[in-house]
Amino acid sequence: MTTTAEKPAGRKSVKPEAFDIVAIRSDFPLLQTQSHGKPLAYLDNAATSQKPQAVIAATARYYTNYNANIHRGVYKLSADATAAYEGAREKIAQFINAPSAKEIVFVRGATEAVNLVAATWGMDNIHSGDEIILSEMEHHSNIVPWQLLAQRTGAILKVIPITDTGELSLEHYQSLLSDRTRLVALTHVSNALGTINPVERIVAAAHARGIPSLIDGAQSIPHLAIDVQKIGCDFFVFSGHKLCAPTGIGALWAKHDLLEKMPPYQGGGDMISTVSFAGSTWNEVPHKFEAGTPHIAGAIGLGVAIDYLTGIGMDTIARYEHELLTYATEKMEKISGLRIIGTAPEKAAVISFVMDNIHPHDIGTIVDGEGVAIRTGHHCCQPLMDRYNIPATARASLAFYNTREDIDRLAAAIEKVKEVFA
Amino acid sequence: MSDLRDLYQQTILDHTRKPRNKHEMLDATSSADGHNPLCGDKIKLFLKINNGVIEDISFTGSGCAISTASASMMTEALKGKTLTEAQPLFERFHAMLTSPMDHEPDIESLDKLAVFSGVREFPVRVKCATLPWHTLQAAIKNEHRPVSTE
Ligand SMILES: Cc1ncc(COP(=O)(O)O)c(C=O)c1O
């Protein structure tokens, strides 16, 4: 085998103008299955996406044909694995328009990426009395690492409130920026509301005062073309599994000079240059941050997922999903007794809702019986639930492989819910 | 779908709509908070215990149909019972909910609580039905730490 890296294995034939939903759905084995004897309508994409056959095959190919540990191996198998792993890093860099693949650090996912930044850059740069700005719509993974840091350092968290429609209050944000602000850490797209935040403006306002920013891209990267240079942020984090890739792999992007200055995250093999008991020196970035054997198959799978999505086109995906969202919103608004939570004008394809006198958990169980998979609960956003004074919502989150029929099935299943509780 | 009807029995729906003993208790001798992070259910349980007898029992909070009905029916089942009677009742209730599907659950001694036997077909909902009972255990111990089902 002359494998140097996984070759693009996406839908090579799909042109942006030819969005063939039938062909796309046939790429996903799990979409062909049934749930409770009914065809599966999978509407929990914000939790995790399904995987196309190309990704499943690529991970199997690694284990079948060139499974070996990466870096340092002198034999061909190891060189092949290293090339595929490092090839995936290049693909990620291109996908988010990072200036260099050296700025891509492989991590387990968005959660680990935020923790990495908090534990390294945060410990070096944030001190007692310093302020970190977050928002009311953050996922717990972009709250708790900063709380831990604040406990250790005596820093203070400041929270941008949101309006009833689920938009950030930008005026309030401006007033929170102060001489003590050291970081703005913000989600690009809300997993619970769907709101797309105006991150470019928010980052620019912070930069005008010399304040760096971290953007949580876990929910934006599956739905929008990402350009980290255009956003202008300093850190960008995401998870592979929401992007058609395996679980347990994701990436942190950070500006090169920041990565250079940051101390290592974990110690171990691969992240060092030399080790002696008198002291050790660190490998160059990004390897300085990748201690131990990484999730090689996952990284390769992520690279192939990116090829697959690029083959369809992120702009095409965004356009298709927006049409689906419009259709779904109109359909759901017609259901009496149902209220959508999160009605910002700029939204990704997420519909969170509550129903009069029916708890979301009961909605979830009953629609599941109809083969419709949605999520119910607080969506790891307890402060946001408190903001709306609700314990939980039911949430349908769409992907480019969903159809109007999936939405119709959800709407019919909700009628079933109403029958049970009539 | 027959199994859904097993879950949402009329009796359960009736208790969901009109929960019994759902109010605060000012002269409670002990109380406890329970929380199911999976669905956001929160319950506060109040007990008035006199000489080992549950003289009064009530609850407040918000939850799904199953946890609300379970709390409501638990209070009805326990009012007037002794603490020594309450414990085996909880154990039998729990055993019914977690018994394997190929076993006929022992529901005879459970009286009205037997309507929850359908919950065992929905393993993710078992915690909804047991939350009030776990909270009861905490209240009996008079623990003031909130209990969690996770
Ligand atoms: C907005 C947002 N940020 C972060 C995360 C955390 O992702 P992971 O659990 O893959 O680390 C999620 C996942 O639900 C999310 O929706």
Q: State whether the number of non-hydrogen atoms from other residues, nucleotides or ligands found under 6.0 Å of A:Lys158 atom NZ is greater than 12.
A: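 Count not over threshold, so no.
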Q: So with a 6.0 Å cut-off around CZ of A:Arg387, is the heavy-atom count from everything else above 12?
A: yes
Q: Listed by residue number, which members of residues 42-65 of chain B have a heavy atom under 4.5 Å from any heavy atom of chain A?
A: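 Within residues 42-65 of chain B, the residues that come under 4.5 Å of chain A (heavy atoms only) are B:Ser62, B:Gly63, B:Cys64, B:Ala65.
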Q: Within the 3.5 Å criterion, strictly below it, is a donor on B:Asp41 or A:His361 matched to an acceptor on the partner's side chain?
A: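 Per modelled atom types, B:Asp41 and A:His361 side chains form no pair under 3.5 Å.
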Q: Atom CG of B:Leu7 and atom CG of A:Asp362: how far apart are they, to the nearest 0.5 Å?
A: 7.5 Å
Q: Taking only residues two or more places apart in sequence or in another chain, which ones pass ring-ring contact (aromatic ring centres under 6.0 Å, His included) with A:His140?
A: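 Residues passing ring-ring contact (aromatic ring centres under 6.0 Å, His included) with A:His140: A:His378.
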Q: Quick one: what part of A:Ala422 sits under 4.5 Å from any heavy atom of chain B, side chain, backbone, both or neither?
A: backbone
Q: Using a heavy-atom distance cut-off of less than 4.5 Å, which residues of residues 81-98 of chain B contact chain A?
A: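 Near chain A, by residue number: none.
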Q: Step through the shown structure and confirm whether more than 12 heavy atoms of other residues, nucleotides or ligands are within 6.0 Å of CZ on A:Arg409.
A: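 Check passes, neighbour count above 12.
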Q: For B:Arg5 and A:Val420, indicate whether the former's side chain and the latter's backbone hold a donor-acceptor pair under 3.5 Å.
A: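 Such a contact is absent between B:Arg5 side chain and A:Val420 backbone.
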Q: Just how far is it from atom OG1 of B:Thr16 to atom CG of A:Asn357, taken to the nearest 0.5 Å?
A: 11.0 Å
Q: Check whether more than 12 heavy atoms from other residues, nucleotides or ligands sit under 6.0 Å from atom CZ of B:Arg120, and answer yes or no.
A: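 Yes - once you tally the heavy atoms of other residues, nucleotides and ligands closer than 6.0 Å, there are more than 12.
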Q: Counting heavy atoms not belonging to A:Gln32, are there more than 12 under 6.0 Å from its CD?
A: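 It does: A:Gln32 CD has more than 12 such atoms within range.
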Q: Quick one: pull up NE2 in A:His36 and CG in B:Leu4 and give me the separation to the nearest 0.5 Å.
A: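 Between atom NE2 of A:His36 and atom CG of B:Leu4 there are 8.5 Å.
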Q: Considering residues at least two apart in sequence or located in another chain, which fulfil the ring-ring contact (aromatic ring centres under 6.0 Å, His included) criterion with A:His295?
A: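 With sequence neighbours excluded, A:His295 shows a ring-ring contact (aromatic ring centres under 6.0 Å, His included) to no residue whatsoever.
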